[in-house]
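Read the structure below first, then the notes.
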Amino acid sequence: MSEKASRQSVPVHILGHEYRIRTEADQAAVQKIADLVDQTMRRIRERTGTVDTHDLAVLAALNLANDLLASRESANTGGLDPRRLRALVDRVEATVRVPRASSA
């Protein structure tokens with residue numbers, strides 16, 4: 001069986017947009033990953049008020065990278081100090097934070 005024949009197109013939804021992921025991975029695993037990205041982006045949007053999807057994607061990537069590095073650190077595989085990376089993520093989020101309109 002060729003590599004192309006074993007690939008499948010898996011539809012996923014992130015922030016209301018559908019993406020088709022060409023992969024050999026299990027459909028449920030791809031959906032689980034997409035759900036994590038979607039939840040992370042929604043949480044950041046709620047917390048910061050950011051609406052620009054590019055900014056949300058970068059912030060989500062930083063948050064997920066922080067989680068990955070923290071996991072690696074806890075497994076003693078090396079990596080950056082998770083506290084330092086968390087501080088960096090917080091600073092970036094503060095920079096793109098959108099002021100919320102008052103409900104007066």
Side-chain angles (χ1 to χ4, degrees):
M1 185 177 232
S2 74
E3 180 182 328
K4 287 185 180 181
S6 63
R7 289 181 165 246
Q8 61 181 334
S9 179
V10 179
V12 298
H13 291 87
I14 300 172
L15 289 182
H17 296 280
E18 181 177 285
Y19 299 90
R20 295 197 161 272
I21 310 300
R22 298 273 306 153
T23 183
E24 295 175 5
D26 176 63
Q27 185 171 352
V30 173
Q31 187 60 54
K32 188 174 181 178
I33 292 166
D35 289 345
L36 176 62
V37 171
D38 183 61
Q39 291 168 8
T40 302
M41 291 178 74
R42 288 178 188 281
R43 179 177 44 84
I44 292 168
R45 182 175 61 190
E46 178 65 29
R47 193 169 68 215
T48 66
T50 301
V51 294
D52 182 274
T53 54
H54 180 264
D55 288 345
L56 285 171
V58 170
L59 293 172
L62 287 169
N63 274 268
L64 294 169
N66 180 59
D67 293 347
L68 174 64
L69 291 174
S71 175
R72 285 181 179 173
E73 184 69 26
S74 69
N76 295 322
T77 60
L80 296 175
D81 178 1
R83 293 172 301 223
R84 242 178 105 195
L85 191 52
R86 170 50 51 199
L88 175 62
V89 168
D90 290 343
R91 286 177 59 195
V92 171
E93 286 180 355
T95 302
V96 297
R97 187 166 287 130
V98 176
R100 296 185 188 261
S102 62
S103 56

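For reference, positions follow the sequence shown, starting with 1. What you see is a predicted model; the values in this text were computed from it and never measured. Any value given below was found using the heavy atoms of this structure, including those in side chains, with hydrogens, waters and symmetry copies removed.
- We find the NE2-CG distance between H54 and L59 to be 10.0 Å, quoted to the nearest 0.5 Å.
- Under the 4.5 Å side-chain heavy-atom criterion for ILVMFWY residues, no single connected hydrophobic cluster contains both I33 and L69.
- With rounding to the nearest 0.5 Å, the separation of CG in L56 from CE in M41 is 5.0 Å.
- Nearest heavy atom pair, residue A34 against residue I14, reads O-CG1, 4.0 Å.
- In this structure, I44 CD1 and T50 OG1 are separated by 8.5 Å, a value rounded to the nearest 0.5 Å.
- In terms of heavy-atom proximity, Q27 sits nearest to V10 at CG-CG1, 3.5 Å.
- Note that the CG atom of D38 and the NE2 atom of H17 stand 10.5 Å from one another [nearest 0.5 Å].
- Considering all non-hydrogen atoms of both residues, R42 and G16 come closest at NH2-N, 3.7 Å.
- With hydrogens and angles disregarded, no donor-acceptor distance shorter than 3.5 Å links the side chain of N66 to the backbone of L62.
- The minimum heavy-atom distance linking R22 with S9 is given by the pair NH1-N, 3.8 Å.
- Here the side chain of Q8 pairs no donor or acceptor atom with the backbone of D26 at under 3.5 angstrom.
- Donor-acceptor pairing under 3.5 Å is lacking for the side chains of Q39 and D35.
- Residues L15 and V30 share a hydrophobic cluster, clusters being chains of Ile/Leu/Val/Met/Phe/Trp/Tyr side chains in contact below 4.5 Å.
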